[in-house]
Amino acid sequence: MSRTSELTFAPEQDQPVRYMERTRSYYLGLGYENPYVWAHYIDVPFSTLKKPMAQSVLGLITTAVPYDSDKGPQGQGAPYNAAAKFYQPYQQAIEKKIDLRIAHVGIDRKNANMEDVNCWFPLEAAKRVVTAGGVKAISQNFYGLPTNRSQRHTLEIDAPRVLEMLLADGVDVAVLIPNCPICHQSQSLLARYLEAAGISTVVMAAAKDIVEYCGVPRLLFSDFPLGNAAAKPNDIVSQDFNFQLALRLLESAPAPRTTVQSPLIWSADPSWKLDYSNLDKLSSQEIVRLREEAEQVRITARELRVSSLGT
């Protein structure tokens, strides 16, 4: 028996999903001829902590949206709901009742949990860290960043507005949690903007390639389905572990482009990684249907954007 045959390798698909490549092939397969150009930088701003974490005010930034029952299905199993999208940054008090949803973006609907908000918004884990003395306080508000395909709009309009909110609340450090592929890009662009303004950031992400391609100071990568980048569902241990790991990365990163991969495993079976936007798993009839759905989503999103921004 050769030495090679004695080795035990992981399955080939048990590696981070290449979302940029996957989505490019998917939309080309649906008939869209101009592939999306992803943000890409070489130089990355980097702001070290101005004070110890235990003396810092923490801000949470999400791409999820407050639930509005008038905007259609947004719970577990809901289809892509473009009517629930938002195009203006928002803030909401953390002491009020919070009901955030992720049906308005392109998450992994087959594998991600859409009910447990802790999977994409780690507020409860952050509160437990404050109670334990690891962080001075959570800012009085959390913040919502629109999922905007326009990188220019994110950098020139949305990012300055979010920064203004953070400064008004005395935020020292920020944890950014994206959901869909474009969310990952938008949050990466915001992280860069905040770092240049002196606020230290860490992105808790599931799309490693998109975030690293853009270039951020600190990335905590969890090999989880899109939409569940913060933790596993109904699992307090994973919630606390990942959030504390993100805070340690905030404190200890030696330089920009520092990536730490969470050791947590989503499933012993890695085949879930083959599901998202994979044309090889779709019939010709399904591709036609998805093309029609994608076009309707595009129209709805454009109309909502125009009504929100006037452009």
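The model shown is predicted, which means the values in this text are computed figures rather than measured ones.
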Is the shortest side-chain N to carboxylate O distance from [X] to [Y] below 4.0 Å?
X	Y	result
D275	K281	yes
D108	K110	no
E21	R24	no

Should we say atom [atom1] of [X] is surrounded by more than 12 heavy atoms from elsewhere, each under 6.0 Å from it?
X	atom1	answer
D269	CG	yes
R128	CZ	yes
E164	CD	no

Before giving the answer on salt bridge (Lys or Arg N to Asp or Glu O under 4.0 Å), spell out for D99 and K97 the whole-Å C-alpha distance, their side-chain angles and the decisive distance to 0.1 Å.
CA-CA 7 Å; D99 186 358; K97 181 180 179 181; over 6 Å; no

[X] versus [Y]: any side-chain heavy-atom pair under 4.5 Å?
X	Y	value
P256	P45	no
N234	E115	no
L145	Q187	yes
S200	F46	no
L219	T258	no
S139	L166	no
D158	L190	no
L30	L290	yes

What closest approach, in Å, do [X] and [Y] show between heavy atoms, and which atom pair accounts for it?
X	Y	result
L309	Q88	CD2-NE2, 3.4 Å
A229	A206	CB-N, 3.8 Å
A231	W266	O-CZ3, 4.1 Å
V135	S56	CG1-O, 3.3 Å
G106	P181	O-CD, 3.5 Å
N81	G72	ND2-C, 3.6 Å

Looking at P270, is its backbone amide N or carbonyl O close enough to the side chain of S267 to form a donor-acceptor pair, meaning the two atoms are under 3.5 Å apart?
no

Donor-acceptor contact present, side-chain K85 to main-chain H104, <3.5 Å
yes

Which value, rounded to the nearest 0.5 Å, describes the distance between [X] atom [atom1] and [Y] atom [atom2]?
X	Y	atom1	atom2	answer
R149	T154	CZ	OG1	11.5 Å
E212	T259	CD	OG1	3.5 Å
D172	M53	CG	CE	9.5 Å
H40	M20	NE2	CE	8.0 Å
R109	Q76	CZ	CD	10.0 Å
M114	R101	CE	CZ	8.5 Å

Report yes if the distance between the aromatic ring centroids of F142 and F121 is under 6.0 Å, otherwise no.
yes

Y41/Y213 aromatic ring centres below 6.0 Å
no

Going hydrophobic residue to hydrophobic residue with side-chain gaps under 4.5 angstrom, can you get from [X] over to [Y]?
X	Y	value
V173	V57	no
M204	I61	no
Y90	V105	yes
Y87	Y67	no
I94	I177	yes

Please enumerate all residues that pass salt bridge (Lys or Arg N to Asp or Glu O under 4.0 Å) together with D223, with sequence neighbours excluded.
K273

Can you check side-chain contact (heavy atoms from CB on, under 4.5 Å) on I287 and L279, steps first, answer last?
CA-CA 8 Å; I287 291 174; L279 289 177; 4.0 Å; yes

Consider only side-chain N and O atoms of [X] and [Y], and report whether a donor and an acceptor are under 3.5 Å apart.
X	Y	answer
S47	E195	no
Y193	E156	no
Q151	Q185	yes
N113	N228	no
E303	S307	no
D169	Y143	yes
N179	T63	yes
R305	N148	yes

In chain order, what residues pass the side-chain hydrogen bond (donor to acceptor under 3.5 Å, both in side chains) check against S252, with sequence neighbours excluded?
none

Go through the steps for L167 and V171 under the test side-chain contact (heavy atoms from CB on, under 4.5 Å), then give the verdict.
CA-CA 6 Å; L167 293 177; V171 171; over 6 Å; no

Please determine whether side-chain hydrogen bond (donor to acceptor under 3.5 Å, both in side chains) holds for the pair N118 and E124, giving the CA-CA distance in whole Å, both sets of side-chain angles, and the decisive distance to 0.1 Å.
CA-CA 7 Å; N118 296 288; E124 296 306 314; over 6 Å; no

Solution key, residues 241-251 side-chain donor-acceptor pairs under 3.5 Å, sequence neighbours excluded:
{"residue": "N242", "atom": "OD1", "partner": "S262", "partner atom": "OG", "Å": "2.7"}
{"residue": "N242", "atom": "ND2", "partner": "S222", "partner atom": "OG", "Å": "2.9"}
{"residue": "N242", "atom": "ND2", "partner": "A230", "partner atom": "O", "Å": "3.2"}

In terms of ring plane angle, is the pair Y276 and Y19 parallel, tilted or perpendicular, where the classes change at 30° and 60°?
perpendicular

Yes or no on side-chain hydrogen bond (donor to acceptor under 3.5 Å, both in side chains) for S271 and Q13, after CA distance, side-chain angles and deciding distance?
CA-CA 7 Å; S271 61; Q13 70 267 26; 5.6 Å; no

